[in-house]
Amino acid sequence: MPAKQMLPGRRPSAVKAQGRKRPAVGSKRPAGRGPLAGLRRTQRQLQKAWDRPLTAYYLIFGSSLLITVLGLVMVYSASMIKALQLGLGDAYFFKKQFLAALIGGALLLAASRMPVKLHRALSYPVLAGTLFLMVLVQVPGIGVSINGNQNWISLGGPFMLQPSEFGKLALILWGADLLARKGDKGLLSQWKHLLVPLVPVAFLLLGLIMLGGDMGTAMILGAILFGLLWLAGAPTRMFVGVLAFAGAIVALLIKTSPHRMDRLECLGATEPGKNDLCWQAVHGIYALASGGWFGSGLGASVEKWGQLPEAHTDFIFAITGEELGLAGTLSVLALFAALGYAGIRVAGRTEDSFVRFAAGGVTTWITAQAVINIGAVLGLLPIAGVPLPLFSYGGSALLPTMFAVGLLIAFAREEPAARAALAMRQPKTGWRRTGVRWKSMRRRVKKRPSGER
């Protein structure tokens, strides 16, 4: 038989494959087999995973969980020396934060399971309750002053409540509901409906916060207001006008306060300066600088031994950099970036105007507060006295933030594609699942049409 004659029953491709030789060592690989092709294939796989309907859901849940757990670890490490100096147990602050995390977890779970209509129904009660508590803070004998700011209410024993932290959540829920109702009626194109009553109510909250002297929380509330106006499609000139007005007020408040002027002068400081005015800012930089690539080890911080004030609250990021190094701080930044991206994705893909405003407001809140806190620790921004969301010590800050994360999870679940994907992942056991019923002989038998045996 000739060598090239086709054998019966064989395809031409099979015959050609038998005579094909492998490429010699060192020769060029065919297209699609080189390292660049592998990178392209990996990129396509990552892009496919990134575009899946449940990506935002997993990112929000996973990143917030990791931030909270890592925050608990760092709160224990950063606060143990402070607790011992106060004559308390080394885990005193950790236990309080852990209890707040448990309560916050319950709030997160409840918020993630609530329908959107219930969230909208809660907007007015939450706003009214927050305003009432913020007024009580200014009543002598009820409000408590800490570090010069009167923004607290004593709940008995060691437990304190800061109502201004709940003001952020109240403004988001109420503002999102207000803008959504006006948007459905086509009123947001008129400037008076866009600004009233959103801006006056926001200024009322800001005024009550500033009566207590807490400018850091007021800055976060202002960022939320601007985020809601931007999402509502405010004209550029109106947006710039409101921003300029708010900037003038902030400049006036800073200029008239020697304490705030001192903080502004500490930007970029490398020495404590006269009368140690920049002590906290400089020692925060010292902590970050001594951490190196991978840190000195968990619990091995030197700055938390009384050198760095507020090590477990406002400057916990500095202790993280000292003990976990650049790798630890970059991990925290990556988790916040993932949470922010997921929130933007939820706000951008929804067709529900309330969900868009609320998700955008929550994302603005968490992102702006993280930027202000980390920027202050790095010496790039003035020290504003705001905690790192989900990470720093403080139950009053943790509870509303975890509820807000539950909002994002609920909104991510409500996307049509995500809802369908979650429905497909329900357990397929028991009665009426894919036409299968269970017999006593532990084998599955397909249901047959009626009348067949």
Side-chain angles (χ1 to χ4, degrees), residues 61-109 144 146-147 149 151-162 165-166 280 283-284 286-288 290-291 294-325 327-329 331-332 335-336 369-370 373-374 377 385-403 405-406:
F61 182 77
S63 59
S64 60
L65 178 63
L66 289 175
I67 293 172
T68 306
V69 171
L70 183 57
L72 287 172
V73 174
M74 293 310 304
V75 164
Y76 176 68
S77 177
S79 66
M80 57 189 307
I81 304 302
K82 179 71 173 179
L84 292 174
Q85 290 175 346
L86 295 175
L88 307 170
D90 59 346
Y92 173 77
F93 294 105
F94 169 77
K95 291 178 180 178
K96 290 181 62 178
Q97 186 75 355
F98 185 72
L99 177 61
L102 290 179
I103 300 174
L107 292 176
L108 184 150
L109 182 61
V144 178
I146 298 179
N147 294 331
N149 294 339
N151 289 307
W152 301 83
I153 295 177
S154 177
L155 299 180
F159 297 100
M160 307 285 288
L161 180 68
Q162 188 177 3
E165 291 291 340
F166 293 86
Q280 186 176 18
H283 278 270
Y286 290 169
L288 290 171
S290 61
F294 300 104
S296 57
L298 192 62
S301 168
V302 175
E303 291 293 333
K304 68 183 180 184
W305 288 77
Q307 298 297 321
L308 179 62
E310 308 297 337
H312 59 298
T313 54
D314 302 345
F315 271 68
I316 194 171
F317 189 75
I319 302 300
T320 304
E322 184 180 6
E323 296 187 349
L324 303 183
T329 55
S331 299
V332 174
L335 290 173
F336 276 109
Q369 187 164 328
N373 177 275
I374 295 174
V377 174
V386 296
L388 189 58
L390 301 172
F391 201 83
S392 296
Y393 170 78
S396 294
L398 185 62
L399 296 182
T401 307
M402 294 192 75
F403 187 90
V405 172

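- Ile153 is not listed as a side-chain neighbour of Met160, based on a closest heavy-atom distance of 4.5 Å or more.
- A cation-pi arrangement is present between Lys96 and Phe159 under the rule of less than 6.0 angstrom and at most 45 degrees off the ring axis.
- A ring-ring contact (aromatic ring centres under 6.0 Å, His included) with Phe93 is found for exactly one of Tyr393, Tyr76, Phe98, namely Tyr393.
- Using a 4.5 Å heavy-atom threshold, the side chains of Lys304 and Glu323 count as touching.
- Here the side chains of Leu308 and Gln280 are in contact, with some heavy-atom distance below 4.5 Å.
- For Tyr92, there are no side-chain hydrogen bond (donor to acceptor under 3.5 Å, both in side chains) partners at least two apart in sequence or on another chain.
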Inset, instruction - Report the C-alpha separation of Gln97 and Val75 in whole Å, then their side-chain angles, then the decisive distance to 0.1 Å, and conclude whether the side-chain contact (heavy atoms from CB on, under 4.5 Å) test is met. - result: CA-CA 8 Å; Gln97 186 75 355; Val75 164; 4.2 Å; yes
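- Atom CG of Leu399 and atom CG of Leu161 lie 8.5 Å apart (nearest 0.5 Å).
- Here the closest non-hydrogen pair linking Pro389 and Thr401 is CB-CG2, 4.3 Å.
- How far CG of Leu324 is from CE of Met74: 5.0 Å, rounded to the nearest 0.5 Å.
- Among residues two or more places apart in sequence or in another chain, the salt bridge (Lys or Arg N to Asp or Glu O under 4.0 Å) test is passed with Glu303 by none.
- Between the Ser331 side chain and the Ala327 main chain, a donor and an acceptor come within less than 3.5 Å of each other.
- Panel note: side chain Glu310, backbone Gly385; no donor-acceptor pair is recorded below 3.5 Å.
- Residues Phe403 and Leu108 form no side-chain contact, since every pair of their non-hydrogen atoms from C-beta on lies 4.5 Å or further apart.
- Here the straight-line distance linking atom OG of Ser301 with atom CD of Glu322 works out to 3.0 Å at 0.5 Å rounding.
- Ala83 and Gly89 make their closest contact through CB-O, 3.1 Å (heavy atoms, listed as atom of the first residue, atom of the second, distance).
- With contacts defined as side-chain heavy-atom distances shorter than 4.5 Å, the pair Pro387/Gln369 qualifies.
- Here CG of Leu390 is found 10.0 Å from CG of Leu72. Values are rounded to the nearest 0.5 Å.
- In this structure, Ala370 and Leu388 approach most closely via the heavy-atom pair CA-CD1, 3.9 Å.
- Distance OG1/Thr313 to CZ/Phe391: 12.5 Å, rounded to 0.5 Å.
- Qualifying side-chain hydrogen bond (donor to acceptor under 3.5 Å, both in side chains) partners for Ser64, counting only residues two or more places apart in sequence or in other chains: none.
- Closest approach of Ala78 to Ile319, counting heavy atoms only: CB-CG2, 4.0 Å.
- Between Phe336 and Ser63 there is no side-chain heavy-atom pair separated by less than 4.5 Å.
- The environment of CZ in Phe61 is sparse: at most 12 heavy-atom neighbours from other residues, nucleotides or ligands sit within 6.0 Å.
- The heavy-atom pair separating Gln162 from Asn151 by the smallest distance is CG-O, 3.3 Å.
- No side-chain heavy atom of Val386 sits under 4.5 Å from any side-chain heavy atom of Asp314.
- Here CE of Met80 is found 13.0 Å from CG of Leu88. Values are rounded to the nearest 0.5 Å.
- Scanning all heavy atoms of the two residues, the minimum distance from Phe317 to Leu288 falls at O-CD2, 3.9 Å.
- By the 4.5 Å heavy-atom criterion applied to side chains, Asn373 and Phe315 are not counted as neighbours.
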